[in-house]
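Chain letters run A, B, ... following the sequence lines, proteins first, then strands; residues in each count from 1. Heavy-atom basis, side chains included; hydrogens, waters and symmetry copies ignored.
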Amino acid sequence: MQPAFSVILLTTLIGVGQGLFLALFTAQSYALFDLLVIENGRAFYTQGSLLALLFLGAGLLASFFHLGHPERGWRAIAQWRTSWLSREVIVLPAFMGTVFLYGVAHLSGWKPVLAILPSGIPVDASVVLGVIGTLLAFALFLCTAMIYACLPFLREWHSPLTVFNYIVLGGASGFTLASVLAAHAAPELTRFFVVWAVIITLFAWIGRSASLIRNSRLKPKSTLQTAIGVKHPKIVQKSQGFTGGSFNTREFFHGRTHSLLRSVKWSFLFGVFVIPTGLLAAAAADSEVSGRVLAVTFGVQYFGLMAERWFFFAQASHPQNLYYQVIA
Amino acid sequence: MTQLALVIDLNVCVGCDACVTSCKQWNTSGAAGPLADFNPYEADPTGTFFNRVQTFEVGTFPRTETVHFPKSCLHCEDPPCVPVCPTGASYKRAEDGIVLVDYDKCIGCKYCSWACPYGAREQDEQRKVMTKCTLCVDRIYDTALPERERRPACVLACPTSARLFGDIHDPASAVSEAIRESAGYALMPEWGTHPANHYLPRRKTALRIHDDELQRADNPLKIDGLLPKPSKSDPALDDVTSW
């Protein structure tokens with residue numbers, strides 16, 4: 001497939017936003033059960049929600065550049081019964097709204113206690129919003145990943161690993177960003193987020209490696225023989241039906257060399273996993289965690305994720321390419 | 001239930017591209033808007049087509065065969081492009097099984113083109129919506145046209161009658177009969193899309209003659225020194241023919 005920059009930005013940016021929100025609520029859950037002490041929670045949660053909203057909004061904005069008719073984008077909510085894309089279009093604004101309310105609840109301090117757990121812990125409005133937001137964040141990961149994983153003949157994508165990887169890759173970048181934020185707004189939380197970011201990055205490393213191994217062993221189900229229905233081991237295409245290009249030759253081919261693909265693969269393996277894990281582990285081991293190092297870590301991981309997403313699209317081989325042997 | 005479809009006979013297709021040009025002419029002139037062309041007379045021409053003819057060479061010289069392969073939307077009975085559409089612009093008509101795009105609802109997200117294993121959908125670069133073969137839905141029901149012209153433009157244009165059009169759910173239709181009698185097959189059956197369009201394979205009319213049919217191994221004249229038995233003068237079993 002031809003990787004579309006708008007979709008690369010959309011999926012990586014909202015992944016960061018979702019991961020950041022999950023990080024915020026993880027910290028709040030820990031604090032709720034007195035496992036963590038947060039001194040200036042108001043500033044941290046508010047700034048975190050704002051930052052998550054900025055990432056989600058930027059992702060949403062990027063998605064419009066993918067559309068031929070962005071002014072009709074609202075129509076995409078119609079087919080939620082069958083289309084994962086439609087579900088994503090519904091869940092993303094719902095999640096953004098929840099993040100907004102979550103931030104407002106923390107900023108305004110409007111936290112009426114709605115329930116009390118049997119252990120005597122009060123559940124206020126921000127916790128309820130946090131739980132709803134967490135569910136929506138996971139629902140959004142599921143929708144985004146299933147857009148790709150539900151297409152059976154794009155076999156590189158058609159796997160539960162795609163869903164797992166979207167969750168952990170988004171989570172890893174979000175927790176890394178949370179550690180950057182904590183270094184500025186709530187230094188006592190920095191190490192907490194750094195450790196979680198390392199754990200999630202390691203899970204992502206495992207998941208993405210598993211999908212790389214799986215994809216390298218895939219054998220194509222469709223062949224030129226099934227594509228034109230002629231049973232003969234040697235079929236050569238003599239004409240593709242036109243002299244210049246067409247939508248079919250542009251949309252489904254990345255047009256890059258095999259060696260470039262390989263270097264992108266190694267770039268993202270280092271950019272998303274090796275370097276961030278090293279930097280985060282070093283930061284966690286330091287007595288004084290440096291916000292600047294964490295910011296660099298996030299930057300490296302984010303650009304790594306863009307390379308990862310580019311590779312994700314480029315690696316998928318569409319069966320329609322069988323009809324364009326000269327390019328394939 | 002009706003399922004309109006094309007049946008394309010690869011045995012008689014000569015690859016003349018008449019179906020391609022007639023399709024382009026009809027569909028670029030309709031109320032739905034033009035099928036845009038860019039740089040038509042320059043180095044890198046591109047444009048929207050609903051139908052294209054590709055050519056494949058099967059085998060190794062001298063035992064080769066040229067297969068001209070017209071390729072358009074197959075109007076799958078289980079079209080994977082329809083459920084993925086977020087707006088409902090892509091739909092399959094219940095009454096005749098044609099898969100269509102509502103150009104006023106399409107947001108141009110290209111997701112349906114990813115979901116079609118055959119690459120049958122093209123985004124028009126000018127209109128920025130997804131386009132595809134409509135089976136000339138704007139002419140097959142047009143009562144202003146004479147009855148014989150209420151068929152897709154490509155079918156009318158084909159000089160060798162390689163393209164048949166009809167209802168494949170009607171067992172008595174010409175297309176059903178062609179699929180049944182001439183081994184019609186579907187493309188990429190492995191994806192379970194159940195394409196409505198079928199292709200008829202290349203066929204050779206071959207007469208198999210064994211060597212012993214050319215020259216009888218038991219011909220008595222071949223047996224050295226022996227005359228036919230019984231001899232010509234002897235009565236035969238039926239008293240009419242000799243051996």
Side-chain angles (χ1 to χ4, degrees), chain A residues 1 4 66-89 147-148 150-154 221-222 224 226-230 232 234-252 316 318-325, chain B residues 10 15 17 20 39 43-49 52-60 66-67 69 71 80 82-89 104-111 113-125 127-130 185-192 199 201-202:
Chain A
M1 306 290 291
H66 185 65
L67 302 182
H69 283 278
E71 77 282 2
R72 300 177 188 164
W74 60 273
R75 286 187 179 276
I77 58 172
Q79 298 296 313
W80 54 270
R81 288 180 191 82
T82 58
S83 170
W84 283 104
L85 178 53
S86 185
R87 289 167 199 165
E88 186 192 37
V89 171
I147 289 173
Y148 309 106
C150 78
L151 302 173
F153 38 82
L154 281 162
K221 254 189 195 171
S222 284
L224 192 51
T226 69
I228 68 167
V230 175
H232 195 292
K234 184 163 187 282
I235 302 176
V236 181
Q237 184 165 29
K238 292 292 176 186
S239 154
Q240 59 182 5
F242 47 87
T243 34
S246 78
F247 178 79
N248 300 63
T249 60
R250 288 188 298 267
E251 180 73 5
F252 301 96
H318 199 287
Q320 83 98 32
N321 294 2
L322 292 168
Y323 295 107
Y324 301 95
Q325 296 281 316
Chain B
L10 299 183
D17 277 28
V20 178
N39 310 324
D44 195 18
T46 180
T48 312
F49 284 81
R52 305 193 190 259
V53 179
Q54 303 189 322
T55 303
F56 295 89
E57 190 175 79
V58 177
T60 318
T66 302
V67 176
F69 182 79
K71 181 175 168 294
V82 169
V84 300
C85 175
T87 67
D104 294 329
K105 280 189 189 166
C106 178
I107 57 173
C109 69
K110 305 181 199 163
Y111 191 26
S113 73
W114 297 8
C116 170
Y118 307 101
R121 291 169 162 260
E122 299 184 16
Q123 192 184 42
D124 189 280
E125 278 181 276
R127 287 184 286 156
K128 295 288 179 194
V129 290
M130 200 47 76
Y185 63 87
L187 304 182
M188 293 189 194
E190 59 272 22
W191 301 120
Y199 286 78
R202 302 273 297 160

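- Only the side chain of Glu251(A) comes within contact range of chain B, judged by heavy atoms closer than 4.5 Å.
- Side chain of Arg72(A) to backbone of Cys106(B): a donor-acceptor contact under 3.5 angstrom is found.
- Summarising the geometry of Ser83(A) relative to Cys85(B), their closest heavy-atom pair is CB-O, 3.7 Å, with the distance given to 0.1 Å.
- Looking only at side-chain heavy atoms (C-beta outward), Phe247(A) and Met130(B) come within less than 4.5 Å of each other.
- In this structure, chain A has heavy atoms under 4.5 Å from both the backbone and the side chain of Val84(B).
- Of the two parts of Thr243(A), only the side chain, counted from C-beta on, holds a non-hydrogen atom closer than 4.5 Å to a non-hydrogen atom of chain B.
- Annotation for Tyr324(A) and Lys71(B): closest pair OH-NZ, 3.6 Å, computed over non-hydrogen atoms.
- If you measure heavy-atom distances from Arg121(B) to chain A, the contacts under 4.5 Å come from the backbone alone.
- Remark: the backbone N or O of Lys105(B) is not paired with any side-chain donor or acceptor of His69(A) at under 3.5 angstrom.
- Phe153(A) and Trp191(B) have perpendicular rings, their planes meeting at more than 60° on a 0 to 90° scale where under 30° would count as parallel.
- Between the side chains of Glu190(B) and Thr226(A), at least one donor-acceptor pair of N or O atoms lies under 3.5 Å.
- Across every non-hydrogen atom of Tyr111(B) and Cys150(A), the tightest pair is OH-SG, 3.4 Å.
- Contact of Arg250(A) with chain B is made through the side chain alone, with heavy-atom distances under 4.5 Å.
- Contacts between Pro117(B) and chain A at a heavy-atom distance below 4.5 Å involve backbone atoms as well as side-chain atoms.
- A distance-only check finds a donor-acceptor pair linking the side chain of Tyr185(B) to the backbone of Ile228(A) [under 3.5 Å].
- Per-residue heavy-atom pair counts under 4.5 Å with chain B were compared for Pro152(A), Gly241(A), Ala76(A), Gly244(A), and the maximum is reached by Ala76(A).
- Looking at every heavy atom in both residues, Cys109(B) comes nearest to His66(A) through O-NE2, 3.0 Å.
- For chain B, the nearby part of Leu224(A) is the side chain; its heavy atoms alone come within less than 4.5 Å.
- Within the 4.5 angstrom heavy-atom criterion, only side-chain atoms of Leu154(A), from C-beta onward, approach chain B.
- What you find for Met188(B) and Ser222(A) is that their closest heavy atoms are SD-OG, 3.6 Å.
- With a 4.5 Å cut-off on non-hydrogen atoms, Leu151(A) touches chain B through its side chain but not through its backbone.
- Gln54(B) contributes a side-chain N or O that, together with a main-chain N or O of Gln240(A), makes up a donor-acceptor pair within less than 3.5 Å.
- Proximity to chain B (any heavy atom under 4.5 Å) is shown, for Val236(A), by both the backbone and the side chain.
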